[in-house]
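Input: a single structure, listed below in structure tokens.
So that the names make sense, note that chain A is the first sequence line, chain B the second, and so on, each numbered from 1. Just so it is clear, the structure is predicted and the values come from calculations on it, not from any experiment.
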Amino acid sequence: MLPPQSDCRDICKVLVCLTHSRLLPKGLQLHAYVIKLGFETLPLVCHHLINFYSKTNLPHSSHKLFDSFPQKSATTWSSVISAFAQNDLPHLALRFFRRMLRHGLLPDDHTLPTATKSCAALSSLPTAHSLHALALKSANHFDVFVGSSLVDMYAKCGEINNARKVFDEMPHKNVVSWSGLIYGYSQLGLDEEALNLFKCALQQDYDIRVNDFTLSSVLRVCSASTLFELGKQVHGLCFKTSFDSSCFVASSLISLYSKCGVVEGGYKVFEEVKVRNLGMWNAMLIACAQHAHTGKTFELFEEMGSVGVKPNFITFLCLLYACSHAGLVERGKHYFGLMKEHGIEPGSQHYATMVDLLGRAGKLDEAFRVIEGMPMEPTESVWGALLTGCRIHGNTEWASFVADRIFEMGAVSSGINVLLSNAYAAAGRWEEAARARKMLRDQGIKKETGLSWVEEGNRVHTFAAGDRSHGKTKEIYEKLEELGEKIAKAGYVADTSFVLKEVDGDEKSQTIRYHSERLAIAFGLITFPQERPIRVMKNLRVCGDCHTAIKFISKCTGRVIIVRDNNRFHRFEEGKCTCGDYW
DNA sequence: CTAGGGTTAG
């Protein structure tokens, strides 16, 4: 402890250290000492204490100090508002911000960014507009902090054009303003804009415009669009700038490699970074689960626990997903139960994954009982998971029952629409099938086209079912014919039992015969070097027969084929699906 | 001293 003669400056210095190293017990001790000395009413000491409690995640202690402090200055307000904002209490932060205004204090360069942060968290447009107006009126909106926070706020509220406007009007920009806008574009799926802006940032000297935040945002764009070649170049840049050791960058890199079908690249990144945060563990777990490296998923989870990293709800989603991918029902139940021991309440996504697991395993009754036991209203994806199970097991009675439940919910996303009308059609309930289609048409939801793509060097070849637009269409179809004969000779028989009846005439036979994967794979056979696996990416679920067909293709051609089905990867080798035969 | 940005899932 400090000697009694020490003045408040020394106490503040110690408080800064304790805050920085988040030493709560020592801080509490010092606080007691401060009270004993009667220093609590000194503004400087009080502000430090408020900040200390904010950084140690005790915002209500900050609040208490604030309330009992008599001469509240702008700094006092700013400290307490920030305490709420940084501890996920955006409503409270904004309430105190408004209260401050009512006390006749104007927002400044310090209070405004905290308020915008809370507004961004709530994604509230009216608040965003009034904060912008306040910035123009009272705060120095040319300030780089104020400007950046407005960019970020608009980006997070989805008003990207306003974000751009503020950005363009900023006389001095820093890496935060650049990153904020790039992140905003990437969030809205405006990949081209995001990448263009990134290129702009690189053209200027990138020391000030590019950092780990920027790089992870750009990497996210690359993985969302499976731009593997570009992603690898960005990885090079991460290495060059030493940002590859950042957990955030590493997490994005792991996700990039995984989503591009090269999980080995993800392992390498993971191994190279020794100090790992939760996000990074989760990224690696997700990669393993998606690629059905199931044993490795469980191993990593154990390792994570042994080095003292606590799992969160995402970690358990990964584990359940891994179980669902491998068909491990008992293991899935085990992890589902383990969540409570870790103090994590299962969310609707966890339920959806459990239902998916049970449904795929054919335990439709049990899956339904899980839904009945949910403490919240089942979401569309929960019912959708059950419907997928019905489809896989061709259970039309269950399918039509589930379809009714989904139908009752009203609004349905495009992902489920075909499943829904097919379920009715399969049960012979043609009126409902037509009504489902009509309802979806009225809502303006179109059936998404299933696209596959194969990256070859710097080129990306995309294919759709029955597509003839590719330059080498003739060769591809010839190869496909040849392949068809080969696999038929090897014993392949097209299996149509899994497909619920289509309403649109002969779409079914088209789906089987000329499915896009097979086009893409056929093309892959023409161009890809023998020693590398062929990777086929796909943006929609594929099912049943493709699985069988690809098995035969891998057998007849001796090629390793990795297929991405939504975010599930399947590895085919020598006529087998080596990741658990669980499509 | 008090102030702004990110990652991982679906």
Side-chain angles (χ1 to χ4, degrees), chain A residues 8-9 12-13 15-16 19 43-52 54 62 73-83 85-86 107-118 120 139 143-153 155-156 174-184 186-187 211-220 223 243 246-256 258-259 266 276-287 289-290 311-321 347-350 352-353 356 379-382 384-385 413 415 566-567:
Chain A
C8 85
R9 276 192 191 281
C12 288
K13 273 184 200 157
L15 262 174
V16 169
T19 305
L44 195 61
V45 177
C46 178
H47 297 156
H48 275 295
L49 279 170
I50 291 178
N51 187 38
F52 169 76
S54 162
S62 304
S73 67
T75 311
T76 331
W77 281 98
S78 146
S79 308
V80 77
I81 294 169
S82 141
Q86 289 185 354
D108 59 11
D109 301 1
H110 303 301
T111 40
L112 209 86
T114 351
T116 55
K117 183 192 165 132
S118 306
D143 178 80
V144 68
F145 278 84
V146 174
S148 305
S149 71
L150 288 174
V151 170
D152 175 63
M153 176 185 73
K156 290 210 173 122
N174 66 3
V175 68
V176 177
S177 1
W178 284 87
S179 303
L181 195 56
I182 291 176
Y183 178 74
S186 78
Q187 279 245 304
N211 67 1
D212 45 346
F213 289 47
T214 337
L215 289 167
S216 52
S217 287
V218 171
L219 284 167
R220 225 173 69 120
S223 44
F243 283 123
S246 145
C247 282
F248 296 112
V249 171
S251 302
S252 306
L253 281 170
I254 292 167
S255 167
L256 168 82
S258 168
K259 290 222 172 84
R276 300 156 186 159
N277 66 0
L278 175 62
M280 209 176 135
W281 283 97
N282 282 345
M284 196 65 244
L285 284 169
I286 290 153
Q290 284 177 338
N312 68 353
F313 73 104
I314 292 173
T315 317
F316 281 98
L317 264 181
C318 301
L319 292 167
L320 293 175
Y321 192 72
S348 63
Q349 295 169 79
H350 298 96
T353 317
D356 182 86
T379 55
E380 186 192 297
S381 43
V382 175
S413 69
N566 229 352
N567 272 328

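For A:Asn51, a side-chain nitrogen or oxygen approaches OP1 or OP2 of B:dT2 to under 4.0 Å. For A:Ser381 and B:dG10, the shortest distance from a side-chain N or O to OP1 or OP2 is not below 4.0 Å. Within the 4.0 Å cut-off from OP1 or OP2 of B:dA3, not a single side-chain nitrogen or oxygen of A:Lys117 is found. Listed pair A:Arg220 / B:dT8 meets the phosphate criterion, a side-chain N or O lying under 4.0 Å from OP1 or OP2. Look at A:Gln290 and you'll find a side-chain N or O under 4.0 angstrom from OP1 or OP2 of B:dG10. Close to B:dA9, at under 4.0 Å from its OP1 or OP2, lies a side-chain N or O of A:Lys259.
Residues meeting the ring pair (Phe, Tyr, Trp, His ring centres under 6.0 Å) test with A:Trp281, sequence neighbours left out: A:Phe270. Checked against side-chain hydrogen bond (donor to acceptor under 3.5 Å, both in side chains), A:His48 has no partners two or more places apart in sequence or in another chain.
No side-chain heavy atom of A:Phe213 sits less than 4.5 Å from a side-chain heavy atom of A:Ile182. Contact check for A:Asn282 versus A:Asn312: side-chain heavy atoms found under the 4.5 Å cut-off. Using a 4.5 Å cut-off on side-chain heavy atoms (C-beta onward), A:Tyr321 and A:Gln290 make contact.
Taking 3.5 Å as the limit, the base of B:dG4 and the side chain of A:Asn174 contain a donor-acceptor pair of atoms between them. Side-chain atoms of A:Ser148 come within donor-acceptor range of the base of B:dG4, with a qualifying N/O pair under 3.5 Å.
When the P atom of B:dA3 is taken as reference, atom CG of A:Leu150 falls 18 Å away, rounded to whole Å. The nearest whole Å value for the distance from the CD1 atom in A:Ile314 to the P atom in B:dA9 is 7 Å. Straight-line distance from the CG atom of A:Asp109 to the C1' atom of B:dA3: 9 Å, rounded to whole Å.
Among the heavy atoms of the strands, none lies under 4.0 Å from A:Val146. Here A:Ser252 lies in heavy-atom contact (under 4.0 Å) with sugar-phosphate atoms only. Among the atoms of the strands shown, base atoms are found under 4.0 Å from some heavy atom of A:Asp212.
Stacking is not found between A:Phe145 and the pyrimidine-like six-membered ring of the B:dG4 base under the 5.5 Å centre-distance and 30° plane-angle cut-offs.
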